J.: 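Here it is, the structure, as structure tokens.
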Amino acid sequence: MKPQQNPLRLDQQLCFQLYTASRFMIKAYQPFLKPLDLTYPQYLVLLVLWETDALTVGEIGAALHLDSGTLSPLIKRLLAKGLIQKERDIEDERAVRVQLTARGRKLESKAQSVPPEIQEVSQLSASAASQLFATLERFNKAFDAQEKTR
């Protein structure tokens, strides 16, 4: 007979496994982002802008699921590094549009090596990584949908 599992044991918590994995993942990025002079959150902002440049602060926040209080300091640091510029939106003066500078665009080519390095560090096969990605994507969409109904 299998012993009954305690649902309040730390090692039984999905949330703790996700939290720990997130911390390990962010830490794994550090040695690869350091030569680019980026933190992990700054890298995420640049990923959004490399995909679609000239977004509003609100659009970047929505893509990253970050509020403006968290995003504003990141944008300030990227501005100070000369990687982005910002200006008021022509169509909506209340909105601030963020755009890559030439230096910010150039950094994209240097960052190309980061995803393969992380893939190697994770020790996951391409198939296992793809499966995990799909599972987490479904998980995040479910929680995002619940959050939007509140």
Side-chain angles (χ1 to χ4, degrees), residues 10-11 13-150:
L10 182 62
D11 65 356
Q13 303 301 308
L14 176 61
C15 61
F16 183 68
Q17 293 302 320
L18 288 167
Y19 170 76
T20 303
S22 176
R23 289 179 47 90
F24 281 134
M25 181 63 80
I26 291 167
K27 191 173 183 178
Y29 271 86
Q30 289 174 343
F32 306 113
L33 296 178
K34 188 174 180 140
L36 304 176
D37 191 30
L38 294 174
T39 64
Y40 179 74
Q42 291 168 354
Y43 174 69
L44 294 179
V45 171
L46 289 175
L47 286 173
V48 171
L49 291 171
W50 289 331
E51 190 173 325
T52 307
D53 198 4
L55 295 173
T56 65
V57 172
E59 290 167 332
I60 296 168
L64 296 174
H65 303 279
L66 293 175
D67 60 44
S68 62
T70 304
L71 193 54
S72 292
L74 293 172
I75 288 174
K76 282 183 183 176
R77 288 187 194 101
L78 292 170
L79 274 166
K81 292 178 184 205
L83 299 174
I84 61 170
Q85 59 191 19
K86 67 179 189 174
E87 58 188 40
R88 292 274 168 207
D89 190 305
I90 297 168
E91 296 174 14
D92 182 357
E93 286 288 318
R94 297 168 297 173
V96 174
R97 200 159 284 282
V98 179
Q99 190 170 358
L100 292 164
T101 61
R103 187 172 171 199
R105 276 189 219 95
K106 186 177 178 184
L107 193 58
E108 182 180 10
S109 64
K110 293 179 182 177
Q112 293 292 323
S113 64
V114 174
E117 295 284 2
I118 293 299
Q119 174 73 34
E120 187 175 321
V121 169
S122 76
Q123 298 182 359
L124 290 173
S125 68
S127 172
S130 179
Q131 245 183 329
L132 178 59
F133 181 91
T135 299
L136 289 171
E137 188 175 42
R138 282 191 309 277
F139 181 89
N140 290 335
K141 282 181 181 177
F143 277 91
D144 188 43
Q146 282 184 2
E147 192 173 290
K148 287 179 180 174
T149 61
R150 291 181 189 162

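Keep in mind it's a predicted model, so treat the numbers as computed, not measured. Sequential numbering from 1 along the given sequence is applied to the chain's residues.
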J.: Shortest non-hydrogen contact from R103 to G82?
T.: CB-O, 3.7 Å
J.: Checking K81 now: which residues fulfil salt bridge (Lys or Arg N to Asp or Glu O under 4.0 Å) with it, not counting sequence neighbours?
T.: D37
J.: So, using salt bridge (Lys or Arg N to Asp or Glu O under 4.0 Å) as the criterion, who are the partners of R138 when residues are at least two apart?
T.: none
J.: Let me confirm one number: the OG-CG distance from S127 to L132, rounded to the nearest 0.5 Å.
T.: 11.0 Å
J.: Side-chain donor-acceptor contacts of residues 70-77 below 3.5 Å, not counting sequence neighbours, with atom names and distances?
T.:
unit_1 : atom_1 : unit_2 : atom_2 : d
T70    : OG1    : D67    : OD1    : 3.0
S72    : OG     : S68    : O      : 2.8

J.: Taking only residues two or more places apart in sequence or in another chain, which ones pass salt bridge (Lys or Arg N to Asp or Glu O under 4.0 Å) with K27?
T.: none
J.: Can you tell me which residue pairs pass the ring pair (Phe, Tyr, Trp, His ring centres under 6.0 Å) test with a partner in residues 85-117, sequence neighbours excluded?
T.: none
J.: Can you tell me how far apart CD (Q42) and CG (L78) are? Round to the nearest 0.5 Å.
T.: 5.0 Å
J.: Can you confirm whether E93 is buried at CD, in the sense that more than 12 heavy atoms of other residues, nucleotides or ligands lie under 6.0 Å from that atom?
T.: yes
J.: What residues, two or more places apart in sequence or in another chain, satisfy side chain to side chain contact (heavy atoms under 4.5 Å, CB included) together with Q131?
T.: none
J.: Do any pairs count as a ring pair (Phe, Tyr, Trp, His ring centres under 6.0 Å) and have a residue in residues 123-150, sequence neighbours left out, and if so which ones?
T.: F139-F143
J.: Nearest heavy-atom pair of A129 and Q119: which atoms, and what distance?
T.: CB-OE1, 3.7 Å
J.: Q17 and D11: which non-hydrogen atoms are nearest, and at how many Å?
T.: NE2-O, 4.4 Å
J.: Does any part of the side chain of E87, heavy atoms only, come nearer than 4.5 Å to the side chain of V96, both counted from C-beta?
T.: no
J.: Can you list everything that forms a side chain to side chain contact (heavy atoms under 4.5 Å, CB included) with L36? Sequence neighbours excluded, please.
T.: L33, L38, L107, K110, A111, V114
J.: Distance from L83 atom CG to T101 atom OG1, nearest 0.5 Å?
T.: 5.5 Å
J.: Rounded to the nearest 0.5 Å, what separation is found between the CE atom of M25 and the CG atom of L18?
T.: 11.5 Å
J.: Which residues satisfy the side chain to side chain contact (heavy atoms under 4.5 Å, CB included) test with Q13, sequence neighbours excluded?
T.: C15, F16
J.: Report the residues that fulfil side chain to side chain contact (heavy atoms under 4.5 Å, CB included) with S130, sequence neighbours left out, ordered by chain and then residue number.
T.: none
J.: Counting only heavy atoms not in Q123 (residues, nucleotides, ligands), do more than 12 fall under 6.0 Å from its CD?
T.: no
J.: Does anything in residues 26-47 pair up under ring pair (Phe, Tyr, Trp, His ring centres under 6.0 Å), and if so which pairs, sequence neighbours excluded?
T.: Y29-Y40, Y29-Y43
J.: Treating R88 as the side-chain partner and R97 as the backbone partner, does any N or O pair qualify as donor plus acceptor under 3.5 Å?
T.: no
J.: Name each donor-acceptor pair under 3.5 Å that joins a side chain in residues 45-59 to protein atoms two or more places apart or in another chain, with its distance.
T.:
unit_1 : atom_1 : unit_2 : atom_2 : d
W50    : NE1    : G104   : O      : 3.0
D53    : OD1    : L100   : N      : 2.8
T56    : OG1    : E59    : N      : 3.0
T56    : OG1    : E59    : OE1    : 3.4
E59    : OE1    : T56    : N      : 2.8

